[in-house]
Participant: 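Just dropping this structure here.
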Amino acid sequence: MTKEELKKIPFRMVSHLSMEDEHCSTYKAVHPFLDLGMCIHQPYKDGVPKGKSYTHYMWNGKVYKSLEKLLDAMNQI
């Protein structure tokens, strides 16, 4: 799978968690046979977004901390 193919997969929001120091939005792929999700983390300080957000990907019960590692795992099958 390539980055372009992954970007074409539709996701829907499953949950959002607002904490004092971080907000986390969780999404799940709409595809019925693909067990794929992602969490977007945004650091917060004093109620304002601070710093760069980062994304974790979940595929078949395993968490990948980068898009490259996720794609490597998917392409090894």
Participant: Begin from the C-alpha positions of V30 and I9 and carry the test side-chain contact (heavy atoms from CB on, under 4.5 Å) through to its verdict.
Facilitator: CA-CA 8 Å; V30 177; I9 296 172; over 6 Å; no

Participant: Return the CG to CG distance between L36 and N60, rounded to the nearest 0.5 Å.
Facilitator: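 Between atom CG of L36 and atom CG of N60 there are 9.0 Å.
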
Participant: Decide if atom CD of E20 counts as having more than 12 heavy atoms of other residues, nucleotides or ligands within a radius under 6.0 Å.
Facilitator: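 No, not enclosed.
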
Participant: Can you list everything that forms a ring pair (Phe, Tyr, Trp, His ring centres under 6.0 Å) with F11? Sequence neighbours excluded, please.
Facilitator: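 Ring pair (Phe, Tyr, Trp, His ring centres under 6.0 Å) list for F11, sorted by chain: empty.
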
Participant: To the nearest 0.5 Å, how far apart are CE in M19 and CG in L17?
Facilitator: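 Separation between the atoms: 4.5 Å.
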
Participant: Going hydrophobic residue to hydrophobic residue with side-chain gaps under 4.5 angstrom, can you get from M58 over to L6?
Facilitator: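 Unlinked, M58 and L6 end up in two clusters.
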
Participant: Flag the pair E68 / K3 as yes when at least one side-chain heavy-atom distance between them is below 4.5 Å, and no otherwise.
Facilitator: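 E68 reaches K3 side chain to side chain.
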
Participant: I'd like to know if the side chain of E5 reaches the main chain of T2, judged simply by a donor and an acceptor atom lying under 3.5 Å from each other, with no hydrogens or angles considered.
Facilitator: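 It does hold such a pair.
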
Participant: Would you name the heavy atoms of P43 and K52 that are closest together and state the gap between them?
Facilitator: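 Taking P43 first and K52 second, the nearest heavy atoms are CD-O, 3.6 Å.
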
Participant: Do W59 and V14 belong together in a cluster built from hydrophobic side chains that touch within less than 4.5 Å?
Facilitator: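 They do not share one cluster, since no chain of ILVMFWY contacts under 4.5 Å joins W59 to V14.
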
Participant: Mind checking whether H23 and Y44 have parallel, tilted or perpendicular rings, split at 30° and 60°?
Facilitator: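 Ring orientation of H23 relative to Y44: parallel.
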
Participant: Got a second to check how far K69's NZ is from K62's NZ, nearest 0.5 Å?
Facilitator: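 Interatomic distance, K69 NZ to K62 NZ, rounded to 0.5 Å: 9.5 Å.
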
Participant: Using 0.5 Å steps for rounding, measure from the NE2 atom of H41 to the OG1 atom of T26.
Facilitator: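 Reported to 0.5 Å precision, the distance equals 7.0 Å.
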
Participant: What salt bridge (charged side-chain N to carboxylate O under 4.0 Å, His left out) pairs are there with at least one residue in residues 21-44, not counting sequence neighbours?
Facilitator: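 Pairs touching residues 21-44 that pass the test: K28-D35.
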
Participant: For a 4.5 angstrom cut-off between non-hydrogen side-chain atoms, does C24 reach H16?
Facilitator: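 A side-chain contact is absent here, since even the closest heavy-atom pair is not under 4.5 Å.
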
Participant: Would you find more than 12 non-hydrogen atoms of other residues, nucleotides or ligands less than 6.0 Å from N75 atom CG?
Facilitator: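 For N75, atom CG is crowded (more than 12 foreign heavy atoms under 6.0 Å).
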
Participant: Work out which heavy atom in M38 is nearest to a heavy atom in Y57; give both atom names and the distance.
Facilitator: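 Taking M38 first and Y57 second, the nearest heavy atoms are CB-CD2, 3.9 Å.
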
Participant: Identify whether L34 and L71 are in the same connected component of the hydrophobic contact network (ILVMFWY, side-chain heavy atoms under 4.5 Å).
Facilitator: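 Per the 4.5 Å side-chain linkage, L34 and L71 are co-clustered.
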
